[in-house]
Amino acid sequence: MASLGRDRDLPVEELHHRVVAWFDREARDLPWRRDPRPWPVLVSELMLQQTPVVRVLPVFEAWMERWPTPADLAAAPSGDAVRAWGRLGYPRRALRLHAAAVAITEHHGGEVPGTYDELIELPGVGDYTAAAVASFAFGGRHAVLDTNVRRVLVRVLEGEQYPAKGVTAAERRLANDVLPVTGAERWAAATMELGAVVCTARSPRCGACPVADLCRWRALGHPEHDGPARRGQPWAGTDRQVRGRLLAVLRDADGPVPRPVLESVWDDAVQRERCLDSLVADGLVDPLTDDLFALPT
DNA sequence: AACCCGTGGCA
DNA sequence: TTGCCAAGGGT
């Protein structure tokens with residue numbers, strides 16, 4: 001595998017070597033890397049889904065101290081997980097991590113399973129997370145297609161600014177084609193780190209990039225993404241905002257919360273009730289009575 | 001496939 | 001200030 005295809009003379013082995021060497025030199029010292037056991041890696045990956053590293057760090061440390069094994073978390077009320085999740089966002093992830101801990105305890109003897117096929121069956125574990133845990137904790141060989149890796153690959157190899165919205169078959173094929181035969185897990189971690197700290201979405205630091213001279217996007221003069229703009233997610237006034245406020249009250253309370261306290265966080269009664277109902281349906285809120293609510297036990 | 005799901009920092 | 005973005009997953 002000396003090059004990538006007839007219209008691409010990129011030296012893949014040189015690309016591997018430079019990115020991994022850069023990673024060995026520059027990688028951030030993160031706790032789930034320093035101690036890449038399966039459980040810490042799984043916990044970190046769930047927390048890092050759509051949440052930046054700096055915000056995850058303190059929550060991760062407290063979480064691992066409190067629940068050092070899957071069985072420890074499985075034995076706790078799911079509401080404790082929701083509360084410990086704090087303000088990481090998307091609190092259903094806390095519920096899924098708790099459910100994953102229960103499944104690991106009940107079906108895997110308390111040990112995080114090591115294959116992609118087993119991992120992806122766990123709640124909250126999709127393609128990315130299964131590949132990441134199988135790679136980082138077990139040394140597996142998988143294309144780890146997170147937003148960072150996808151951006152690095154599309155820029156260096158395809159000469160485009162941003163990857164498509166969803167992972168395409170061609171993209172997956174390309175990622176597998178450039179996957180090293182050995183050391184794939186280091187390649188995965190290194191490309192992810194490169195995307196996170198150098199080849200960033202907004203202001204790429206090409207001057208600090210170990211493969212700038214191999215990068216097709218740079219060679220083309222950094223052409224901007226053409227096609228329809230990616231529409232951002234609305235926020236103000238959405239159900240997500242209302243759910244966030246409701247759950248924040250329950251998280252910050254010591255015990256059950258009376259209905260009037262929850263009603264005080266949002267004026268629109270229809271939307272408020274819809275959101276409260278959806279939180280109950282999700283298992284994030286336990287309606288003890290018609291007028292008293294708590295995090296689940 | 002498109003939409004929903006939190007939160008906070010930064011340019 | 002406001003839009004964009006962050007180690008995605010579930011339906």
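Nothing here was measured: the structure is a model prediction, and the numbers come from that model. Below, chains carry the letters A, B, ... as their sequence lines are ordered, and counting in each starts from 1.
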**OP:** Map A/Arg92 and A/Pro52 onto DNA chain B by nearest heavy atom, then report which one ends up closer to the 5' terminus.
**Re:**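 Between the two, 5'-proximity favours A/Arg92.
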
Original post:
Taking the nucleotide of DNA chain B with the closest heavy atom to each, which residue, A/Arg96 or A/Arg87, is nearer the 5' end?
Top reply: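 Going by which nucleotide is closer to the 5' end, it is A/Arg96.
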
Can you measure from [atom1] ([X]) to [atom2] ([Y]) and round to the nearest 0.5 angstrom?
X: A/His225; Y: A/Glu160; atom1: NE2; atom2: CD; result: 9.0 Å
X: A/Leu194; Y: A/Trp187; atom1: CG; atom2: CH2; result: 8.5 Å
X: A/Glu111; Y: A/Thr69; atom1: CD; atom2: OG1; result: 8.5 Å

Original post:
Looking at the side chain of A/Arg28, which of B/dT7, C/dA7, B/dC5 is the nearest nucleotide?
Top reply: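 So the side chain of A/Arg28 is nearest to C/dA7.
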
Original post:
Can you say whether the rings of A/Tyr116 and A/His142 are parallel (under 30°), tilted (30 to 60°) or perpendicular (over 60°)?
Top reply: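 Correct class here is parallel.
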
Which is true for [X] with a 4.0 Å heavy-atom rule: it touches a base, it touches only sugar-phosphate, or it touches nothing?
X: A/Leu247; result: nothing
X: A/Asp282; result: nothing
X: A/Ala132; result: nothing
X: A/Phe136; result: nothing
X: A/Pro91; result: sugar-phosphate
X: A/Trp85; result: nothing
X: A/Val125; result: sugar-phosphate
X: A/Arg150; result: nothing
X: A/Gly126; result: sugar-phosphate
X: A/Thr147; result: sugar-phosphate
X: A/Leu284; result: nothing

**OP:** Using heavy atoms to find the nearest nucleotide of DNA chain C for A/Gln49 and A/Ala201 separately, return the residue whose nucleotide is more 5′.
**Re:**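 Counting from the 5' end, the first nearest nucleotide belongs to A/Ala201.
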
Original post:
If you find the nucleotide of DNA chain C closest to A/Trp32 and the one closest to A/Leu122, which residue's nucleotide is nearer the 5' end?
Top reply: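 Its nearest nucleotide being more 5', the pick is A/Trp32.
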
Original post:
Looking at A/Phe60, A/Trp63, A/Phe136, which one forms a side-chain contact (heavy atoms from CB on, under 4.5 Å) with A/Ser44?
Top reply: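 The passing option is A/Phe60.
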
Original post:
Do the side-chain N or O atoms of A/Tyr162 get closer than 4.0 angstrom to the phosphate oxygens (OP1, OP2) of C/dC5?
Top reply: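 Indeed, a polar side-chain atom of A/Tyr162 lies that close.
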
Original post:
So does A/Arg151 get a side-chain nitrogen or oxygen closer than 4.0 Å to the phosphate oxygens (OP1/OP2) of C/dA6?
Top reply: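 Checking C/dA6 against A/Arg151, a side-chain N or O does come within under 4.0 Å of OP1 or OP2.
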
Do [X] and [Y] touch side chain to side chain, with heavy atoms closer than 4.5 Å?
X: A/Val133; Y: A/Val125; value: no
X: A/Val152; Y: A/Trp217; value: no
X: A/Phe138; Y: A/Glu185; value: no

Could you state the [atom1]-[atom2] distance from [X] to [N], rounded to the nearest angstrom?
X: A/Arg245; N: B/dG8; atom1: CZ; atom2: P; answer: 12 Å
X: A/Leu246; N: B/dT7; atom1: CG; atom2: C1'; answer: 16 Å
X: A/Ile120; N: C/dG8; atom1: CD1; atom2: P; answer: 15 Å
X: A/Arg93; N: C/dT11; atom1: CZ; atom2: P; answer: 16 Å
X: A/Leu42; N: C/dG8; atom1: CG; atom2: P; answer: 15 Å
X: A/Leu46; N: C/dG10; atom1: CG; atom2: C1'; answer: 13 Å
X: A/Arg240; N: C/dG10; atom1: CZ; atom2: C1'; answer: 14 Å
X: A/Arg83; N: B/dG6; atom1: CZ; atom2: C1'; answer: 18 Å

Subject >> Residues within residues 269-276 of chain A bordering DNA chain C, heavy-atom distance below 4.0 Å >> reply: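 Hits under 4.0 Å, by residue number: none.
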
Distances under 3.5 Å between protein N/O atoms and the N/O atoms of nucleotides 9-11 of chain B, please, pair by pair.
none

**OP:** Mind running side-chain hydrogen bond (donor to acceptor under 3.5 Å, both in side chains) on A/Tyr128 and A/Glu45 for me, showing each step along the way?
**Re:** CA-CA 9 Å; A/Tyr128 159 74; A/Glu45 291 300 340; 2.6 Å; yes

**OP:** Provide the distance between the two P atoms, one in B/dC10 and one in C/dA7, to the nearest whole Å.
**Re:**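 To the nearest whole Å, 14 Å.
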
Subject >> Atom C1', compared across C/dC5 and B/dG6: separation rounded to whole Å >> reply: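 Pairwise C1' distance, C/dC5 against B/dG6, rounds to 13 Å.
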
Original post:
A/Arg151 and A/Asn148: side-chain hydrogen bond (donor to acceptor under 3.5 Å, both in side chains), yes or no, with the steps?
Top reply: CA-CA 5 Å; A/Arg151 190 173 53 247; A/Asn148 292 306; 2.9 Å; yes

Subject >> Donor-acceptor contact below 3.5 Å, side chain A/Arg66 vs main chain A/Asp72 >> reply: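 Such a contact is absent between A/Arg66 side chain and A/Asp72 backbone.
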
Subject >> hbond_proxy A/Thr129 side chain to C/dG9 base (donor-acceptor, 3.5 Å cutoff) >> reply: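 Result: no qualifying N/O pair found.
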
**OP:** Go through the structure and list residues passing salt bridge (charged side-chain N to carboxylate O under 4.0 Å, His left out) with A/Arg25, not counting sequence neighbours.
**Re:**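 Listed in chain order: nothing, the list is empty.
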
